Amino acid sequence: MIGDSRQLKIKDVFSTSLLSCDESTSLYDALVKMRQHNVSSIFVTHRGGIVGIWTESDCVKLDLKHIHLSQLPIKQVMTSPVHDILLDKTLSEATIKLHQLGIRHLLVKDYNNEPSGVVSLSDIVRNQGLDHYLHFRPIEDHFDSDVSVLDSRQCVSEAIEVMRHKRATAVLVYHEQLKEYGIITQRDIAYAILEPHWQQQCWELASFPMLSMTPDESLFDAYRKMTAKSIRHLVVRDKSTSQVVGLLALKNVLTEIETAYCSELENVLAQRDIALRKSEKNLYLANRIIDASLDGIMITRSSGEIIQINPAFSALTGYQDYEVIGKKPSILSSGMHDEDYYNSMWAALKEKGVWQGEICNKKKTGDIYVEWLTIIEINDPYSDEVLYAAIFSDITERKNAEEKIARLAYFDELTGLPNRRLFYDRLSMALASAHRDQHKISVMFIDLDRFKEVNDTLGHSAGDKLLMQVSERIKSILKEGDTLARLGGDEFVVLLTEVADMDSVVSFADKLLLQFNKSFNLGNISVAATASLGASMYPDDGSDSESLLKHADVAMYRSKELGRNSFQMYKASMNARSLERLSMQSRFQSALENGEFELYFQPLKCLVSGRITSLECLLRWHDPNLGMISPAQFIPLAEELGLIVKLDEWVIDRACAQLAHWQKMNIDVRHLAINVSAQHLTQGDLVNSLHNALSKYELEGNQIELELTEGCFISNFQCAKDVLSSVKKMGVSIALDDFGTGYSALSYLTKLPIDILKIDPSFIAKIPDEYGNSEIVSAIVAMAKALKLHVVAEGVEKQEQMRFLQKLGCHAMQGYLYCKPLSQAAWCEFYQAEKLIS
Ligand SMILES: Nc1nc2c(ncn2[C@@H]2O[C@@H]3COP(=O)(O)O[C@H]4[C@@H](O)[C@H](n5cnc6c(=O)[nH]c(N)nc65)O[C@@H]4COP(=O)(O)O[C@H]3[C@H]2O)c(=O)[nH]1
């Protein structure tokens with residue numbers, strides 16, 4: 001009940017009849033006024049302002065024997081100061097105030113702080129609907145059993161005396177003859193003293209007959225009876241004897257209600273305090289959580305006005321609280337969503353009280369970001385207000401990552417070209433349409449020549465640059481509808497969707513090869529690159545994606561075999577070669593054990609003395625089915641299959657065995673040159689292999705030369721340097737093979753323990769010519785001599801080349817002009833013949 005009515009305000013219950021008199025008014029006049037207006041109190045004013053109050057109950061405090069009411073100014077007996085309350089205060093607040101001050105009346109002031117009425121505790125209690133408190137309470141616990149009973153013939157002044165003495169609000173008067181009880185109350189006294197002959201017999205002033213009740217009856221019935229009859233007292237009679245045992249005053253009933261009401265109110269307030277403390281704690285926790293949240297949080301009114309944000313909001317949007325509080329969330333609008341978007345958001349919010357989704361918003365910087373937003377409707381339990389909490393996180397990075405993943409699924413990250421998957425999709429679509437419309441399409445494989453060298457010598461970022469530039473150049477010659485894709489590494493593939501015949505494919509290939517005519521600028525250095533191309537056509541070379549790609553690949557390999565930088569159209573015969581290649585791979589593994597490898601030897605001739613300076617070991621593979629296989633074919637294969645170290649070790653062992661054997665036969669080979677693969681420097685134990693072979697065949701280290709290419713030093717320079725230093729300590733010489741084809745050889749010449757420089761045959765083959773190759777050779781020879789290196793020219797096939805090299809002062813030559821690589825037996829014959837000549 002209290003819960004329901006405690007929100008009633010003073011304005012709902014107070015009495016507007018505000019009776020007042022000036023402080024100089026005599027108590028007599030004031031009492032007359034009170035009686036005229038039938039009220040129990042009067043306010044006392046001074047210069048228009050209320051300064052005190054006088055109530056009926058103050059009447060019995062008066063010593064009527066010694067005072068004259070008409071001469072007594074009310075100012076002297078009034079109670080002061082007067083406590084007041086504003087009319088918009090609640091009954092609970094008024095009750096607390098009355099209780100704290102121990103008074104029963106409060107002056108009610110209006111919004112302008114002007115007196116506008118009075119409210120008594122009774123007014124408040126009556127309006128609390130607290131009747132239920134009285135139901136179960138019997139009169140017996142609440143009536144006044146110590147009531148004074150006066151004889152009907154006693155004087156009223158005696159009654160006043162008794163009341164003042166006992167602080168009673170009434171006394172009973174008994175009439176002996178009538179056997180009747182009457183009552184005199186404070187109010188009766190207040191009005192009686194106005195009369196000149198008020199000192200009469202009590203019975204004259206008493207009211208009778210009196211209503212009576214028994215002690216077991218309820219206070220509620222007593223209260224009802226009194227309010228119905230507008231009386232303030234009842235006599236209480238014993239149920240069996242009907243003897244008067246006491247007096248029940250309305251005041252007792254009201255006090256009971258007031259006490260119950262106040263204690264309940266205290267209870268409610270205590271609970272409210274607990275709830276308040278709890279909610280304060282919850283609020284504190286909620287604010288801490290909001291502040292600590294990594295998600296941005298914004299709380300708005302239903303009008304959209306922002307009332308709270310958290311630090312993450314500022315971090316994510318760039319707006320501080322003073323910049324957004326009081327503003328609308330539209331401050332973040334990116335303008336990227338139309339009205340329908342927001343309408344459906346609000347519809348969902350209204351229906352379910354929550355909305356979630358992605359939304360593009362704008363930061364203070366103007367940057368657009370994507371956020372994952374949750375909006376929750378919050379109904380404030382203490383008001384009708386609806387609030388909205390927007391909780392969001394910036395998912396721009398996640399979105400970008402998702403897009404990137406989606407892109408990576410179909411596009412090559414480096415070049416941005418379609419990847420293998422997308423290419424297959426496009427190829428199968430192109431095939432379907434070619435089949436339907438009966439037209440031809442072509443697939444062209446593109447593989448960069450010696451790309452690995454660019455990567456190894458110049459580093460991966462240079463390799464990446466080359467791939468990007470190559471892709472740009474090829475893209476520039478594509479027609480609309482054609483697709484260029486990167487399948488991985490240096491492998492590209494083109495899908496030509498509209499090819500009339502083979503000639504159009506060939507002319508595209510020519511155009512493509514032309515793109516490689518100009519060198520590629522890789523930052524500090526510009527390099528020349530070439531590509532090997534192979535193409536197949538639908539429907540001639542295959543009717544499905546797989547066979548078309550396989551055949552284009554076979555054709556591309558054929559281009560490589562034919563010397564690179566060229567184009568081959570697929571022919572059925574190529575398949576046989578590719579099968580050969582496959583079988584070679586499987587055959588290779590067992591070739592070592594089956595003794596299918598053999599060492600050939602090619603002598604190097606001194607260009608001054610004409611004598612043999614050394615002998616290079618060159619490996620040969622005699623496959624029983626395929627015949628002789630060139631090392632140019634199987635060495636890269638052995639490297640690919642991880643067999644090269646094993647093969648090199650076999651060569652070192654055999655070469656040393658051979659040298660030891662010749663020594664015994666008096667065949668004078670001063671130096672034996674052995675080729676070593678780049679992988680051997682980093683993966684195998686070259687020093688150990690050499691050491692074992694030298695000691696096994698009792699050879700000196702200075703009888704051996706190791707031939708290495710630049711690639712050996714690129715991948716792991718320090719490791720290569722350490723290995724070569726150890727090798728050098730054994731007395732072994734180091735030759736740098738194929739010099740001039742690499743990219744940065746010059747720096748190695750000074751940093752590594754190199755003794756011999758072998759000029760690549762490609763330079764020698766073009767001597768003499770008018771394009772500057774002779775100058776390159778001249779420069780290499782001059783530089784090598786300046787560095788005190790031994791220079792050897794490889795691939796010398798012509799007399800004029802030899803003469804040219806002699807003139808330059810090149811130390812030695814190797815080539816068909818002098819001698820082709822020979823088998824062991826053939827070399828022995830050659831040696832003997834040479835010996836005879838010399
Ligand atoms: N056109 C022409 N060619 C000439 C002439 N004179 C010599 N040649 C060839 O030039 C190559 C010289 O060997 P390389 O530069 O070390 O180049 C070698 C070497 O790098 C590698 N190789 C050969 N044997 C071995 C080996 O036992 N182990 C390793 N790791 N690599 C080897 O295979 C490459 C090719 O060897 P081959 O085919 O034997 O080819 C040999 C040789 O037969 C000439 O006047 N004209």
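In what follows, every heavy atom counts, from backbone to side chain, and hydrogens, waters and symmetry copies are set aside. These numbers come from a predicted model, not from an experiment. Indexing begins at 1, ligand by ligand and atom by atom, following the structure's order.
- The shortest side-chain heavy-atom distance between His551 and Glu546 does not fall under the 4.5 Å cut-off.
- Inclusion of Gln814 in the set of residues having an N or O under 3.5 Å from an N or O of ligand 1 is not warranted.
- Proximity of His680 to ligand 1 is not established, as no heavy-atom distance is less than 4.0 Å.
- Arg620 forms no cation-pi arrangement with Phe634, by the criterion of a distance under 6.0 Å to the ring centre and an angle within 45° of the ring axis.
- The distance from ligand 1 to the heavy atoms of Glu707 drops below 4.0 Å at these ligand atoms: 16 (O).
- The side chain of Asp648, and not its backbone, has at least one atom closer than 4.0 Å to an atom of ligand 1 (non-hydrogen atoms only; side chain from C-beta on).
- For Phe445 and Tyr570, the ring centers sit 6.0 Å or farther from each other.
- In this structure, atom 40 (O) of ligand 1 is not in close contact with the protein, since no protein heavy atom lies within 4.0 Å of it.
- Tested against Leu706, the residues Asp737, Ile756, Leu681, Leu686 include a single side chain to side chain contact (heavy atoms under 4.5 Å, CB included) partner, Leu686.
- Taking atom 24 (N) of ligand 1 as the reference point, the nearest protein heavy-atom neighbour is Leu619 N, 3.1 Å.
- Side-chain contact, Glu598 with His622: a donor N or O sits under 3.5 Å from an acceptor N or O.
- Annotation: Met502, atom CE; neighbour count of heavy atoms from other residues, nucleotides and ligands within 6.0 Å does not exceed 12.
- For atom 2 (C) of ligand 1, the nearest protein heavy atom lies under 4.0 Å away.
- Within a 6.0 Å sphere centred on CD of Glu698, heavy atoms belonging to other residues, nucleotides or ligands number 12 at most.
- Atoms of ligand 1 found under 4.0 Å from any heavy atom of Val651, numbered from 1 in the order shown, are 27 (O).
- Side chains of Gln469 and Asn521: no donor on one and acceptor on the other come within 3.5 Å.
- In terms of protein heavy-atom proximity, atom 20 (O) of ligand 1 is nearest to Asn675 OD1, 4.1 Å.
- Donor-acceptor pairing under 3.5 Å is lacking for the side chains of Asp464 and Ser461.
- Interface atoms of ligand 1 facing Asp738, defined by a heavy-atom separation under 4.0 Å, are 15 (O).
- Looking only at protein heavy atoms, the nearest one to atom 36 (O) of ligand 1 is Pro631 CG, 3.4 Å.
- Residue-ligand proximity: Gly795 is placed with a non-hydrogen atom under 4.0 Å from ligand 1.
- Among protein heavy atoms, atom 6 (N) of ligand 1 sits closest to Gln602 NE2, 3.0 Å.
- Taking a 4.0 Å cut-off on heavy atoms, Glu616 registers as neighbouring ligand 1.
- Here the heavy atom of the protein found nearest to atom 43 (O) of ligand 1 is Pro821 CG, 3.3 Å.
- The nearest protein heavy atom to atom 31 (N) of ligand 1 is closer than 4.0 Å.
- Scanning the protein heavy atoms around atom 9 (C) of ligand 1, the nearest turns out to be Tyr816 OH, 4.5 Å.
- No more than 12 heavy atoms of other residues, nucleotides or ligands shown are found within 6.0 angstrom of NZ on Lys452.
- With a 4.5 Å cut-off on side-chain heavy atoms, Trp621 and Leu647 do not count as touching.
- For Asp737, every heavy-atom contact with ligand 1 shorter than 4.0 Å involves the side chain, none the backbone.
- Taking the six-membered ring wherever Trp is involved, the centroid distance between the rings of Phe601 and Tyr831 does not fall below 6.0 Å.
- Contacts of Leu599 with ligand 1, taken as heavy-atom pairs under 4.0 Å, are absent altogether.
- Here is the list of ligand 1 atoms found below 4.0 Å of a heavy atom in Val796: 45 (O).
- The number of heavy-atom neighbours closer than 6.0 Å to CG of Asn517, taken from other residues, nucleotides and ligands shown, is above 12.
- Residue contact check: Glu797 has heavy atoms under 4.0 Å from atoms 1 (N), 2 (C), 44 (C), 45 (O), 46 (N) of ligand 1.
- In the vicinity of Ser677, heavy-atom distances shorter than 4.0 Å reach the ligand 1 atoms 30 (N).
- The protein atom (non-hydrogen) at minimum distance from atom 18 (C) of ligand 1 is Leu618 CD2, 4.3 Å.
- Trp662 and Gln824 are linked by a side-chain donor-acceptor pair at a separation below 3.5 angstrom, with hydrogens and angles left out of the test.
- Geometric assessment of Lys820 against the ring of Tyr816 yields a positive cation-pi assignment under the 6.0 Å and 45° thresholds.
- Proximity of Lys820 to ligand 1, defined as any heavy-atom pair under 4.0 Å, is not found for any part of the residue.
- If you check which protein heavy atom lies closest to atom 12 (C) of ligand 1, you get Glu794 OE2, 3.6 Å.
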